[in-house]
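Only one structure is covered here, and it is reproduced in the block below.
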Amino acid sequence: MNDSGCGNLDAGQFERFTVVCLEKASSRYGISLDQNLPQQNSQFRYTIVNFSQSNTVAATNRTRIARSPVNDVVSKNITLVLENLLKDYESSQLPTHGKDGPTIVKTNILIRSMGPVSELDMEYSMDCYFRQYWRDKRLSFLGPIKSLSLSIKMLERIWRPDTYFYNGKNSYVHTITVPNKLLRISQDGDILYSMRLTIKAKCPMELKTFPMDRQSCPLILGSFAYTTKDIVYQWLNEESVNFVPGMTLSQFDLISSPYRNLTIKRREGDYSVLQVSFNLQRHTGYFLIQVYVPCILIVVLSWVSFWIHREATSDRVGLGITTVLTLSTISLDSRTDLPKVRYATALDWFLLMSFFYCIATLLEFAGVHYFTKIGSGEIPVDEDDWEDCPESAEEFIGTTAADLLNIPRGNNEGSRRRSSSIICPIYNNASLHYENGKTSLTSSQQLPPPPPPPIRVTMERTTQTENVLPKWKQFMYCLKGDDKFRKQRQREAASKDSGSPHGHTRHVNSVSLIDRAARVLFPASFGFFNLCYWMVYFMSQEDFKWGESKQKIL
């Protein structure tokens, strides 16, 4: 010991000599010094002396002999340092226990990914690095090492803040391949505690303007048990909430992420909390492609019935029902991922408007059918629907007017008519005309030779062609369901236009005035409502504002 020159060193000289020896060993043999050495250690004194004497050994053995003792010394003395630090350490007490003032816990977050944002559950998730900083003077030490990176097992032996997320749901720490945590202690007792978390938090949403809505999803964190007298939370700096470059969301655009410090009141007292709000703007492209454009095309498709002949009853009704059922399918599919809220969203209003136009198309045809269309097809002859009609005769093909006048009245079979058909006989003969609302049979020329034997046929119902009465009277008769007016229109539809100089018949199955008006009114009104719809929802968006925290914590 004396030969090395270290035997007569006092404690301070020995410490300086130890540091010099280790630095020389580090530069000469590549030994990394990232640990702290105690001030007094007799075993370490003996090791350094032996290390100094080993310089006379051959160069081939010098590296092996020098590295092993120094590494052993460093590891042993790190253990001694921690044992000395934790010897009288009480992990259940705050770092500021017995002092005036609370413990300051500073925080920052680095967000790696975010999403999905669920409207059905009103929640969102994100993957982040969550870091906390605080100072514990009881863990300060002296030495050439600025900081110690320790195992997470040390977390169980020191005090750490009981931070939790007020609006958290099913959050967890990543544990593959080991728990993703970091603990680092500096000489001044400053502690960094970092962990990788997947946070799933509640996000109360207002969906009245969905899918043109903006949402502000908060993240609120603080202490579970300590009031502001014990712990105060603060954001680390002005850039405490950061995002990994290139991070995007599939459904939203991240507009901003403001954060603040605030104090909330609970039954136990005032608590310091931190809040960050993720302000999101929803993408409308998906809904334009999947909902809005198909609905508009389906409504336009329903207008095709306005150009279909009003006699094609099955075609027009089938087209209207098909469009309504298609809209029903789209409506049910669009509500799959939405909660059952008590109010109608913007998407609901658009679907209701589309439903209204498709159903209005069906109702329009019902009006055309009732007001202007008499019928089509042959009149079915039912024995129960026959009734007596004095001085009446069945229609015969090839029978002249004179022959019809000589039909005997005693024929019971010929004197009964169907109650739902035309009351008096109508003939398509050019020599017959209608006068004063009653049917009169005259002969304008000499009767031709007797025709072949008559063949009984049924009469085909046709549509009205001209309106004799004023429009408002016709409308009133139709609403009233006047049977005389209906039969009058039937006779007019089958009769010849006596006032025409050319003697041509009326235009049977002409285009209804209701259809003509609908061709203009329906597209014009639908376009106007669409313009108002998009202007209202795009121009009424409000800026993001801080909302009062509604978190109720027991």
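Dense packing is recorded around CG of N237, with more than 12 heavy atoms of other residues, nucleotides or ligands lying under 6.0 Å away. Surrounding CZ of F529 are at most 12 heavy atoms belonging to other residues, nucleotides or ligands under 6.0 Å away. Counted within 6.0 Å of OH on Y343, heavy atoms from surrounding residues, nucleotides or ligands total more than 12; the atom is thus considered enclosed.
Checking side-chain atoms of R282 against main-chain N and O of F210 turns up no donor-acceptor pair under 3.5 Å. Checking side-chain atoms of S277 against main-chain N and O of C217 turns up no donor-acceptor pair under 3.5 Å. In this structure, the side chain of W303 does not engage the main chain of R519 through any donor-acceptor pair within 3.5 Å. Side chain of N167 to backbone of P218: a donor-acceptor contact under 3.5 angstrom is found. Using modelled atom types, one side-chain atom of D348 and one backbone atom of T345 make a donor-acceptor pair closer than 3.5 Å.
Ring-centre distance between Y533 and Y537: below the 6.0 Å cut-off.
For the residue pair T227 / D270, no side-chain donor-acceptor distance below 3.5 Å is found, with atom types taken as modelled. Side-chain atoms of Y233 and T163 form a donor-acceptor pair, as typed in the model, at a separation below 3.5 Å. No hydrogens or angles considered: a donor-acceptor pair under 3.5 Å links the side chains of S525 and Y357.
The one candidate from W349, F287, W534, Y286 that meets the ring-ring contact (aromatic ring centres under 6.0 Å, His included) condition with Y292 is W534.
By the 4.5 Å heavy-atom criterion applied to side chains, Y129 and N108 are not counted as neighbours.
Using a 4.0 Å cut-off between charged nitrogen and carboxylate oxygen, D515 and R316 count as a salt-bridge pair.
Between C358 and V324, the shortest heavy-atom distance links the atoms CB-CG2, 3.9 Å.
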